[in-house]
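What follows is one structure encoded as structure tokens, with my remarks underneath.
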2 protein chains.
Amino acid sequence: MIMRKRNRPPIHPGEIIKYDYLEPLSLSVTELAKHLHTSRVTASNIVNTHAPVTADMALRLAKAFNTSAELWLGLQKQYDLWHAEHDSDEWQQASILPILSHHITPA
Amino acid sequence: MIMRKRNRPPIHPGEIIKYDYLEPLSLSVTELAKHLHTSRVTASNIVNTHAPVTADMALRLAKAFNTSAELWLGLQKQYDLWHAEHDSDEWQQASILPILSHHITPA
DNA sequence: GCTTAGTGCAAAGCATAGCTTTACACTAAG
DNA sequence: CTTAGTGTAAAGCTATGCTTTGCACTAAGC
């Protein structure tokens, strides 16, 4: 499987919601919140990429937009991965080496 | 894309670690923990499916086992989704309906 | 037998995440 | 001006994810 390394942050699921669903459907954030049975603040935070799409929320989005929950959580996963790799303490990751066959600690 | 609904919980990434990596490599949980620069308890919890593979941990596993972080986080994602769908308050999800074209609240 | 390495698991502490309600200031439309 | 919608902040709450410590168990070595 070809895996090209991203040099830019993957899109946040909130952007998809905004541009691919809310705008075409001329659906407001407030209406979205009601539909998802969540608070307006939470809906707004997701749409504005300030809050993540959790597994639970992915299921709700899937029902609301008749899509798959995998889609939404997959987008979030890519987003999380990228930021975990870039925003965090990089020294930590750098110090992890591949485990080879000679992993046994030589006494 | 064919999407078959699972009737059983997806495998936890910890099981993959255990059977596909630790055992073949005869690598101990303690050694794994050291390699990942995490505590033995955390490593044990993951291997025994009691703790999730986070984005950060997925990156470490990827480095250690020379795999992709997407693999590990993807497994976790499937696991989370399934449990969010089954373990939780199902009434909540059931009440969410597809947003149709006539989403405008009729006054 | 005894010791040593490894194990799972529980407990406690701590920081962060994710959600809630409330509130405020802003825009756009009637 | 009023009304609906908005973004964002603040505070509170619960749940997560990680840590260290501790304990009881197993298996392997002598």
Side-chain angles (χ1 to χ4, degrees), chain A residues 12-15 17-19 21-23 25-61 69 72-73 75-77 79-81 83-84 87-89 92-93 95-96 103-107, chain B residues 12-15 17-19 21-23 25-61 69 72-73 75-77 79-81 83-84 87-89 92-93 96 99 103-107:
Chain A
H12 187 284
E15 300 189 58
I17 299 176
K18 185 173 190 175
Y19 299 116
Y21 291 89
L22 297 195
E23 295 195 350
L25 294 169
S26 63
L27 191 66
S28 74
V29 171
T30 303
E31 287 171 304
L32 173 67
K34 285 177 190 164
H35 221 93
L36 299 180
H37 292 93
T38 189
S39 72
R40 184 179 67 86
V41 172
T42 295
S44 171
N45 281 334
I46 293 174
V47 167
N48 292 285
T49 77
H50 298 136
V53 168
T54 60
D56 178 79
M57 204 54 80
L59 288 168
R60 304 193 197 198
L61 290 167
W72 300 108
L73 204 52
L75 289 167
Q76 186 64 46
K77 184 195 70 173
Y79 186 89
D80 287 345
L81 259 186
H83 283 92
D87 305 348
S88 67
D89 335 83
Q92 231 177 358
Q93 302 178 31
S95 60
I96 297 185
H103 60 274
I104 309 285
T105 320
Chain B
H12 187 284
E15 300 189 57
I17 298 176
K18 186 174 190 175
Y19 299 115
Y21 290 89
L22 298 195
E23 293 196 350
L25 294 169
S26 62
L27 191 66
S28 74
V29 170
T30 303
E31 287 171 306
L32 173 67
K34 285 179 191 164
H35 221 94
L36 299 179
H37 292 95
T38 189
S39 72
R40 184 178 66 85
V41 171
T42 294
S44 171
N45 281 333
I46 292 174
V47 167
N48 292 285
T49 77
H50 298 136
V53 168
T54 61
D56 178 79
M57 204 53 80
L59 288 168
R60 303 193 197 197
L61 290 167
W72 300 108
L73 204 52
L75 289 167
Q76 185 64 47
K77 184 194 69 173
Y79 186 89
D80 288 345
L81 258 187
H83 283 92
D87 305 349
S88 68
D89 335 83
Q92 232 177 358
Q93 302 179 31
I96 297 184
I99 298 184
H103 61 275
I104 308 285
T105 320

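This structure is a prediction, so every number in the text was calculated from the model and none was measured. Quick note on labels: first sequence line is chain A, next is B, and so on, each numbered from 1.
- Per the geometry, OH belonging to B:Y79 stands 15 Å off C1' belonging to D:dG17, to the nearest Å.
- Considering all non-hydrogen atoms of both residues, A:K77 and B:L73 come closest at CG-CD2, 3.2 Å.
- The nucleotide range of DNA chain C contacted by chain B, defined by atoms under 4.0 angstrom from heavy atoms of the protein and reported 5' to 3', is C:dG6 to C:dA10.
- The nearest whole Å value for the distance from the CZ atom in B:R40 to the P atom in D:dT20 is 11 Å.
- Across all non-hydrogen atoms, the minimal contact from B:A43 to B:L32 is CB-CD2, 4.5 Å.
- Rounding to whole angstrom units, CG of residue A:L32 and C1' of D:dT6 are separated by 14 Å.
- Rounded to whole Å, atom C1' of D:dT16 lies 16 Å from atom NE2 of B:H83.
- In the set D:dT8, D:dC18, D:dG5, D:dC18 carries the atom at the smallest distance from any side-chain atom of B:T42.
- Pairing partner, C:dT7: D:dA24, with both Watson-Crick or wobble hydrogen-bond distances short of 3.5 Å.
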> Where do B:L22 and B:I17 land on the side chain to side chain contact (heavy atoms under 4.5 Å, CB included) test, with the steps shown first?
Replying inline: CA-CA 6 Å; B:L22 298 195; B:I17 298 176; 3.9 Å; yes
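- For the OP1/OP2 pair of D:dT8 and a distance below 4.0 Å, the side-chain nitrogens and oxygens of A:H50 include at least one atom meeting the criterion.
- For A:T30, a side-chain nitrogen or oxygen approaches OP1 or OP2 of D:dT6 to under 4.0 Å.
- Between A:E23 atom CD and D:dG5 atom P there is a gap of 17 Å when expressed in whole angstrom units.
- Taking atom CG on B:D56 and atom C1' on D:dT16, their separation rounds to 14 Å, with Å as the unit.
- For the pair A:R40 and A:A33, the tightest heavy-atom approach, listed with the atom from each and the gap, is CA-CB, 3.6 Å.
- B:Y79 has its ring centre no less than 6.0 Å from the ring centre of B:W72.
- Atoms CG (B:D87) and P (D:dA15) sit 15 Å apart, rounded to a whole Å.
- Computed from coordinates, the A:I46 CD1 to D:dG7 C1' distance equals 15 Å when rounded to whole Å.
- When all heavy atoms are compared, the tightest approach of B:M57 to B:T42 is CE-CG2, 4.0 Å.
- Although no hydrogens or angles enter the test, the distance criterion places a donor-acceptor pair under 3.5 Å between the side chain of A:R60 and the main chain of A:L36.
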